[in-house]
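Report on one structure; see the data block that follows.
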Amino acid sequence: MSTPQLSKRDSVHVLDIGDTENRLSPEWMEEFGAALDEVLSEPAPLVVTATGKFYSNGLDLDWLGRNPNQFLAYVTRVQALFARVLTLPVPTATAINGHAFGAGAMLAMAFDWRVMRDDRGFFCFPEVDISIPFTPGMAALIQSKVTPRAAVDSMTTGRRFSGADAVAVGLVDHAVTESDLVDRAVERVVPLAGKSTETLGKIKSTMFAEAVTALTEVGAV
């Protein structure tokens, strides 16, 4: 399975985003967006996870290397996806099964809650070490979810956080065993089933208005 697959567990949608590095290629984003459309056609809480060694390794650098003239359009699309997840009008959690790097870690930050494995996988913003500064939108997304201390510790160091360390600094909410990973994420959102999508969408859009603007305004990249 290399493409996002949607299933249902009780009253919760569970979306597995793939079993590869799950980089944010245009094709992958199209399939991920279609899965979100399906979720909203039958609104219920959403848990997103992946299978294997990786959660997501972020931007599809190979695709960008083949299409350098599309860099701005590509990053604009990535940021629009972050904004959509950030304001999705259903309760969301993500179960981080493995490595989450760069834009993959940013995708995780866009969900309401994050659960990470406690025995393997790193959560990392490597931008400082690969000489790729954060766009204003990407920085605003991360900073909308963590304290200033956590932002400095994660965004300026390139540090690779284990599950326990990510919990300690506030990047994720829980670190659990692999067997409990999806269950814990489901447990976090299942009590919230039935919330008004209209009201929840407006609340999130207000809460994260600054980040959404930075992610989506013309010329934001």
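In this pair, F122 and H99 present their aromatic rings parallel. The plane angle is below 30°, not in the 30 to 60° band.
Linking ILVMFWY residues whenever their side-chain heavy atoms come closer than 4.5 Å, directly or via other members, leaves V90 and V12 in distinct clusters. When hydrophobic clusters are built by joining Ile, Leu, Val, Met, Phe, Trp and Tyr residues whose side-chain heavy atoms come closer than 4.5 Å, directly or via intermediates, L40 is grouped together with V212. Both V78 and L72 are part of a single hydrophobic cluster, where members link through side-chain heavy atoms under 4.5 Å apart. The hydrophobic clustering, which links ILVMFWY residues whose side-chain heavy atoms are closer than 4.5 Å, places L88 and M109 together. Note on L15 and M106: same hydrophobic cluster, where clusters join Ile, Leu, Val, Met, Phe, Trp and Tyr whose side-chain heavy atoms are under 4.5 Å apart, directly or indirectly.
Residues D60 and L24 have side chains not in contact (no heavy-atom distance under 4.5 Å, counting atoms from C-beta outward). Two residues are said to be in side-chain contact when any heavy atoms from C-beta on lie closer than 4.5 Å; H13 and L6 meet this criterion. V172 is not listed as a side-chain neighbour of F161, based on a closest heavy-atom distance of 4.5 Å or more. With contacts defined as side-chain heavy-atom distances shorter than 4.5 Å, the pair V115/L181 qualifies. Side-chain contact between L46 and L36 is present, with at least one heavy-atom pair separated by less than 4.5 Å. The shortest side-chain heavy-atom distance between L81 and W28 falls under the 4.5 Å cut-off. A 4.5 Å side-chain heavy-atom check between F82 and L86 finds every atom pair outside the cut-off. For the pair F71/T76, no side-chain contact is recorded, criterion being any heavy-atom separation below 4.5 Å from C-beta on.
Between R84 and D37, at least one side-chain nitrogen of the basic residue sits less than 4.0 Å from a carboxylate oxygen of the acidic one, meeting the salt-bridge criterion. Look at K204 and D112 and you find a salt bridge, because one of the NZ, NE, NH1 or NH2 atoms lies within 4.0 Å of a carboxylate O, short of that distance. Between R149 and D153 a salt bridge is recorded (basic side-chain N to carboxylate O distance below 4.0 Å). Between K8 and E42, at least one side-chain nitrogen of the basic residue sits less than 4.0 Å from a carboxylate oxygen of the acidic one, meeting the salt-bridge criterion. The pair R77-E30 meets the salt-bridge criterion, since a charged nitrogen lies less than 4.0 angstrom from a carboxylate oxygen. A salt bridge is defined here as a Lys NZ or Arg NE, NH1 or NH2 lying under 4.0 Å from an Asp or Glu carboxylate O, and R159 with D165 meets this definition.
When all heavy atoms of A185 and A93 are compared, the closest pair comes out as O-CB, 3.9 Å. When all heavy atoms of Y55 and G104 are compared, the closest pair comes out as CE2-O, 3.5 Å. Of all non-hydrogen atoms in T197 and P43, the two that sit nearest each other are CG2-CB, 3.6 Å. Between G170 and V146, the shortest heavy-atom contact is O-CG1, 3.8 Å. Summarising the geometry of G18 relative to A50, their closest heavy-atom pair is O-CB, 3.5 Å, with the distance given to 0.1 Å. Closest non-hydrogen pair, A166 versus M116, comes out as CB-SD, 4.1 Å.
Within the model, atoms CD of E21 and OG of S56 stand 9.0 Å from one another, a figure rounded to the nearest 0.5 Å. The NE2 atom of H174 sits 12.0 Å away from atom CG of D180, with the distance rounded to the nearest 0.5 Å. Atoms OG and CZ, on S154 and F123 in that order, are 8.0 Å from each other to the nearest 0.5 Å. D62 contributes atom CG, which lies 9.0 Å from atom CG of L64 (distance to the nearest 0.5 angstrom). Expressed to the nearest 0.5 Å, how far CZ of R114 lies from OG1 of T92 amounts to 8.5 Å. Note that the CZ atom of F208 and the OG atom of S144 stand 5.0 Å from one another [nearest 0.5 Å].
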Report task. Apply side chain to side chain contact (heavy atoms under 4.5 Å, CB included) to the pair F101 and R160, showing each step before the final yes or no. Result -> CA-CA 9 Å; F101 273 68; R160 299 182 177 196; 3.8 Å; yes
**Report entry** CA sep, side-chain torsions, deciding dist, call: I17, T49, side chain to side chain contact (heavy atoms under 4.5 Å, CB included)
**Finding:** CA-CA 6 Å; I17 60 175; T49 190; over 6 Å; no
Query raised in the report: Run the side chain to side chain contact (heavy atoms under 4.5 Å, CB included) check on N57 and N22 step by step: do they pass?
Result: CA-CA 6 Å; N57 251 355; N22 304 319; over 6 Å; no
Report task. Tell me, with the steps shown, if E127 and M138 meet side chain to side chain contact (heavy atoms under 4.5 Å, CB included). Result -> CA-CA 11 Å; E127 281 73 11; M138 292 174 177; 5.8 Å; no
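Side chain of T199 to backbone of S196: no donor-acceptor contact under 3.5 angstrom is found. Of the possible polar contacts, none joining the S205 side chain to the K202 backbone as a donor-acceptor pair under 3.5 Å is found.
Seen from the ring of F111, K145 does not count as a face-on cation partner, given the 6.0 Å and 45° thresholds.
Of the candidates P68, S25, P26, P26 is the only one forming a side chain to side chain contact (heavy atoms under 4.5 Å, CB included) with Y74.
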